[in-house]
Structures are given as C-alpha cells and as structure tokens.
Amino acid sequence: MHPRRPDGFDGLGYRGGARDEQGFGGAFPARSFSSASDLSHWVTTPPDIPGSRNLHWGEKSPPYGVPAPSTPLEGPAEEPFPGSSGGGSSVPGQSSEQLNRFAGFGIGLASLFTENVLAHPCIVLRRQCQVNYHARHYHLTPFTVINIMYSFNKTQGPRALWKGMGSTFIVQGVTLGAEGIISEFTPLPREISHKWNPKQIGEHLLLKSLTYIVAMPFYSASLIETVQSEIIRDNAGILECIKEGIGRVIGMGVPHSKRLLPLLSLVFPTVLHGVLHYIISSIIQKIILLVLKRKAYNSHLAESTSPVQSMLDAYFPELIANFAASLCSDVILYPLETVLHRLHIQGTRTIIDNTDLGYEVLPINTQYEGMRDCINTIRQEEGMLGFYKGFGAVVIQYTLHAAVLQITKIIYSTLLQNSV
C-alpha cells in the first residue's frame, strides 16, 4: 500500500502514520494526524546502522493542513531538557544536536563492530565444537572455552581465532543483495506494514526462504573456512568463499567425498533454521522495543526523567531489543544449528582442530543420511548435551556484547552531562 501524503509534503517536516514503525507483526499502530492531540511524540529517520535513530523528545510533526509554527511552542513538552532550543539557533543547542547525531552513529557502529568483529573468535570456536563429534569435552561453560582459546592462540597464532571473518561479511552481503533483487522482481514484500494479514506474512516469509536458499552454498563455504584448521589451511583470498560457493552449486572445483550431501537435502534444514530465527528474533525485538518505549514515554509524561536519560532513551531501546532478540533466538535454536552445521560440513574433507587438547587436528568423517538421522545419531551417541557443544562460546559472545553496550552507554552519558 502506498502511504497517504498531503499535497505540500516536503519529505522532512511530516511523518505519515502509514510509515511509522513498519516491521514484523506491526507492533505499533498507525496514528492519524487529524487533530493536535494525536501528534506522535517521536520523529524518526530510517537508520543505516542500528541505534542511529534520530529521536528527540518534544519534537512534533504538524498535522495535515496546519502550517508549522515558526517559533517553538511554550511549555515543558517543547523544552524537555536545559541547553536545547527548538530553532537550534543558539550555539549550545547546535553543539548538543551535533553531539546527539554523532553519538547515535557511534553507538550503532560500536554495536555492529562487537557483533561482527569482536565476537568472531567465539563464533569460530562455537562452530568447531558443534561439528566435532569426536569431542569428549563439550565446553558448556565459558571457563573451558577461554582455556581452549588460549591453547589455539598459543599453538597456531591469533589467525586461528579470526579465520573466515571475511567470508561471513560476504554471506551477509549476498543475503541482503538476494533479498533486494528478489523483492524488486517479484510481488513479495520486503517489509510488513502495520495493516498486515496472513497472506502478507506468508509472502514475506517466502521471500526470506528464497533468500536463504540463494545464500545457502556461500554459507556452507563460509562455514568450512571458519572451522578449517589453520595448520593445514591455505592462504585463500577473500573471494574464495564465492568461488567455493559457486563450485558447490555446479559440482566442480570443490574437493568432496561420496558422503557429501546434495544441496537439495540441505534446503529444508537451512530454511527452517533461518525462518525460525527470523520469526523469534522479530517477535522478541518488537515486544521489548514496545515495552521500553512505553516506559520511556510514561516517564517523560510524568516529568520524572533527567535530560540525559531522555536522550539515552532515544538510542538504546533499539540496541537493547536487538541484543535480547539475537540472544534468545540463538539460545532457542542452538540444537538445530548444531545439526545444520554438521550436515553442511559432511563430506567436504574438512580438517578441524582438536577442541579437547588445543592442538592436533581431526578429520570429519560423519555419515548422516539426513536431518532426522543426524538428530537420532547425536542423541544416541553424544546424549542431549551433544546438541549444545560449544555453548560456553555463546555465553562469552553475548557477555562481551553486553559489556560493550554498557561501556558505550557510560561514555555517552558522560558526554551528555558535560554538554547540557
């Protein structure tokens, strides 16, 4: 549906209700701007980086047909904190606004850096433990994970914990590109509006499924790069992931054995894991974001929040919601992820590190016939905890992420206190 816009729409001073908070499930109802009492208390701009939303208390969009006032309105709602000005003409107000925008960008960038770069060693060890069916030590706690990380770093160098990082970015790029191209040439919606219906949700999930299928061979190649031992690993280029992914599709250029599962047999577990991860994370994210924004809104109406807290509420709810959603979905789907990785790695002649000793290497010689056989074999030979091998790395990963968010919040609070 196309959003309704007034004749004098300038793209900046008006935000239509049909565009507010589009996302999964339509957790935020639209508001009509028919009267001054229905004005939204948030002014949003689409962020390029999570956490970079430019949200400020007290800024209001003019209703349809009423010109915007040339001077700021009187009252506490328009001046929520000292040192700010509605017109932005004063030097302190301009400095605060510049700091606000820069801080929002920096907070989102720090979150992305932690999630994709700083936490990569945890992802490497987590995947190695998941595919190592030989392992007697399951590394369910962060203490044993830290010990084995130190052993790998000592015997193989720092590269052992950072291998395959470039391929993970390639997989993300392929996923985003495939989703954009498919949505452009098909009627499948890339986003779900607030006026959603079961058909729209089904089409949106179908788009996600097709995206996961397109990215599947490259995900498999990236998985091999992250678990392959650095001892026997060649110095592959950054585009090796694309080369191996294409080779996996056409069946050429990739060394494999007869135990290699065809891509068609990997479609169902790959799509199942991806769609479930998306659904769970989207629902949890919307719920947490709704709760945090309502809490901040009620505190603002009661005038019980400080100026610094009001500005923090503009950026951190989205980051906290993303963090909690990713954590919950990873924990809930960890057993399924273990099965998925073992199916992808089978028959690729991959040599992994010995996660029991911290040195030596082990071959992957599994003979699973499919997803059901893999689940039954793990349960019989390794027990139910076998599905959670390497879970301690997840604890370290999200503990590190939470610590970076907290440090960023403290730094941002200090900057705001010095500027207001």
Side-chain angles (χ1 to χ4, degrees), residues 119-152 160-161 164 219-220 223-224 226-229 259 261 266 268-270 272-277 279-281 284 323-348 350-402:
H120 189 75
C122 300
I123 297 176
V124 170
L125 188 60
R126 159 185 172 179
R127 291 181 173 182
Q128 282 192 323
C129 293
Q130 285 178 321
V131 301
N132 188 3
Y133 67 97
H134 303 279
R136 296 182 179 180
H137 300 288
Y138 289 6
H139 300 294
L140 302 177
T141 64
F143 307 105
T144 58
V145 171
I146 294 176
N147 184 36
I148 204 67
M149 280 184 175
Y150 173 78
S151 300
F152 285 158
L161 299 176
Y219 179 84
S220 181
L223 175 64
I224 295 174
T226 54
V227 301
Q228 183 89 357
S229 176
R259 298 185 303 273
L261 294 174
L266 298 176
F268 177 73
T270 302
L272 178 64
H273 176 268
V275 170
L276 288 179
H277 193 282
I279 293 175
I280 294 174
S281 60
I284 294 177
F323 170 80
S326 181
L327 172 61
C328 294
S329 55
D330 279 354
V331 172
I332 294 173
L333 297 178
Y334 196 88
L336 180 58
E337 185 184 69
T338 300
V339 174
L340 176 66
H341 288 170
R342 293 201 182 188
L343 294 177
H344 272 278
I345 210 71
Q346 176 173 300
T348 58
T350 302
I351 306 297
I352 66 172
D353 296 310
N354 191 328
T355 56
D356 288 337
L357 303 177
Y359 56 89
E360 297 182 353
V361 294
L362 298 171
I364 299 296
N365 295 320
T366 56
Q367 299 182 5
Y368 305 125
E369 296 180 359
M371 181 178 177
R372 180 180 299 180
D373 181 56
C374 181
I375 295 175
N376 294 333
T377 303
I378 294 176
R379 184 172 61 245
Q380 293 174 4
E381 297 182 358
E382 304 172 50
M384 294 302 298
L385 292 179
F387 293 99
Y388 291 91
K389 283 185 175 180
F391 189 78
V394 178
V395 178
I396 297 178
Q397 175 182 346
Y398 284 98
T399 301
L400 183 64
H401 195 174

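Numbering of residues begins at 1 and proceeds along the displayed sequence.
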Q.
Here's a test for you: under side-chain contact (heavy atoms from CB on, under 4.5 Å), which of Ile146, Thr144, Asn132 qualifies with His139?
A. Thr144
Q: Kindly give the heavy-atom pair with the smallest separation between Ile284 and Cys328, and that separation in Å.
A: CD1-CB, 3.3 Å
Q: Over all heavy atoms of both residues, which pair between His344 and Ser220 is shortest? Give the atoms and the distance, please.
A: ND1-CB, 3.4 Å
Q.
Test side chain to side chain contact (heavy atoms under 4.5 Å, CB included) on Ile123 and Thr226; report intermediate values, then the result.
A. CA-CA 8 Å; Ile123 297 176; Thr226 54; 5.7 Å; no
Q: Over all heavy atoms of both residues, which pair between Ile396 and Cys122 is shortest? Give the atoms and the distance, please.
A: CG2-SG, 3.6 Å
Q: Starting from the C-alpha separation in whole Å, work towards a yes-or-no answer on side chain to side chain donor-acceptor pair (under 3.5 Å) for Arg342 and Tyr368.
A: CA-CA 9 Å; Arg342 293 201 182 188; Tyr368 305 125; 3.1 Å; yes
(Q) Restricting to side chain to side chain contact (heavy atoms under 4.5 Å, CB included), what partner residues turn up for Ser229, sequence neighbours left out? (A) Gln156, Ile231, Ile232, Asp353, Val361
Q: Give every residue pair that meets the salt bridge (charged side-chain N to carboxylate O under 4.0 Å, His left out) criterion with at least one member in residues 385-402, sequence neighbours excluded.
A: Glu382-Lys389
Q: Under the salt bridge (Lys or Arg N to Asp or Glu O under 4.0 Å) rule, collect the residues that match up with Glu337, sequence neighbours excluded.
A: Arg126
(Q) Once side chain to side chain contact (heavy atoms under 4.5 Å, CB included) is applied, do any residues pair with Val395, and if so which ones, sequence neighbours excluded? (A) Pro142, Phe391, Thr399
Q. Quick one: side-chain hydrogen bond (donor to acceptor under 3.5 Å, both in side chains) partners of His120, sequence neighbours excluded?
A. none
(Q) Keeping Tyr334 on the side-chain end and Gly390 on the backbone end, is there a donor-acceptor pair under 3.5 Å? (A) yes
Q.
So, applying side-chain contact (heavy atoms from CB on, under 4.5 Å) with Leu272, which one of Leu276, Thr270, Val275 is it?
A. Leu276
Q | Heavy-atom side-chain contact between Tyr388 and Pro335 under 4.5 Å | A | yes
Q | Residues in side-chain hydrogen bond (donor to acceptor under 3.5 Å, both in side chains) contact with His341, at least two apart in sequence or another chain | A | Gln130, Tyr219
Q) Is there a side-chain contact between His137 and Thr355 (heavy atoms, below 4.5 Å)? A) no
Q | Results of side-chain hydrogen bond (donor to acceptor under 3.5 Å, both in side chains) for Ser151 - residues two or more places apart only | A | none
(Q) To the closest 0.5 Å, what do you measure between CZ (Arg259) and CD1 (Ile345)? (A) 12.0 Å
Q.
Between Phe152 and Leu125, does the side chain to side chain contact (heavy atoms under 4.5 Å, CB included) criterion hold? Intermediate values first, please.
A. CA-CA 10 Å; Phe152 285 158; Leu125 188 60; 3.6 Å; yes
Q: Under the side chain to side chain contact (heavy atoms under 4.5 Å, CB included) rule, collect the residues that match up with Tyr150, sequence neighbours excluded.
A: Lys154
Q: With sequence neighbours excluded, give me every salt bridge (charged side-chain N to carboxylate O under 4.0 Å, His left out) pair touching residues 363-378.
A: none
Q: To the nearest 0.5 angstrom, please state how far the CZ atom of Arg127 sits from the CD1 atom of Ile352.
A: 13.5 Å
Q: With sequence neighbours excluded, tell me which residues meet side chain to side chain contact (heavy atoms under 4.5 Å, CB included) with Ser281.
A: His277, Ala325, Ser329
Q) Out of curiosity, Glu381 CD to Asn376 CG, how far, rounded to the nearest 0.5 Å? A) 11.0 Å
Q. With Asp356, which residues qualify under side-chain hydrogen bond (donor to acceptor under 3.5 Å, both in side chains), at least two apart?
A. none
Q | For the student: nearest non-hydrogen atoms of Phe387 and Val339, plus distance | A | CE2-CG2, 3.8 Å
Q. Pro269 and Met371: which non-hydrogen atoms are nearest, and at how many Å?
A. CB-SD, 3.9 Å
(Q) Using the rule side-chain contact (heavy atoms from CB on, under 4.5 Å), only one of Thr338, Leu343, Leu340 pairs with Cys374; which is it? (A) Leu343
**Q.** Considering all heavy atoms, the nearest His273-Leu336 contact
**A.** CA-CD2, 3.7 Å
Q | From Gln380 atom CD to Ile375 atom CD1, the distance as rounded to the nearest 0.5 Å | A | 12.0 Å
Q: For Tyr398, check ring pair (Phe, Tyr, Trp, His ring centres under 6.0 Å) against everything at least two apart and list the hits.
A: Phe323
Q) Run the side chain to side chain contact (heavy atoms under 4.5 Å, CB included) check on Thr348 and Ile364 step by step: do they pass? A) CA-CA 8 Å; Thr348 58; Ile364 299 296; over 6 Å; no
Q) Can you tell me how far the OG1 atom of Thr350 sits from the CD1 atom of Ile224, to the nearest 0.5 Å? A) 4.5 Å
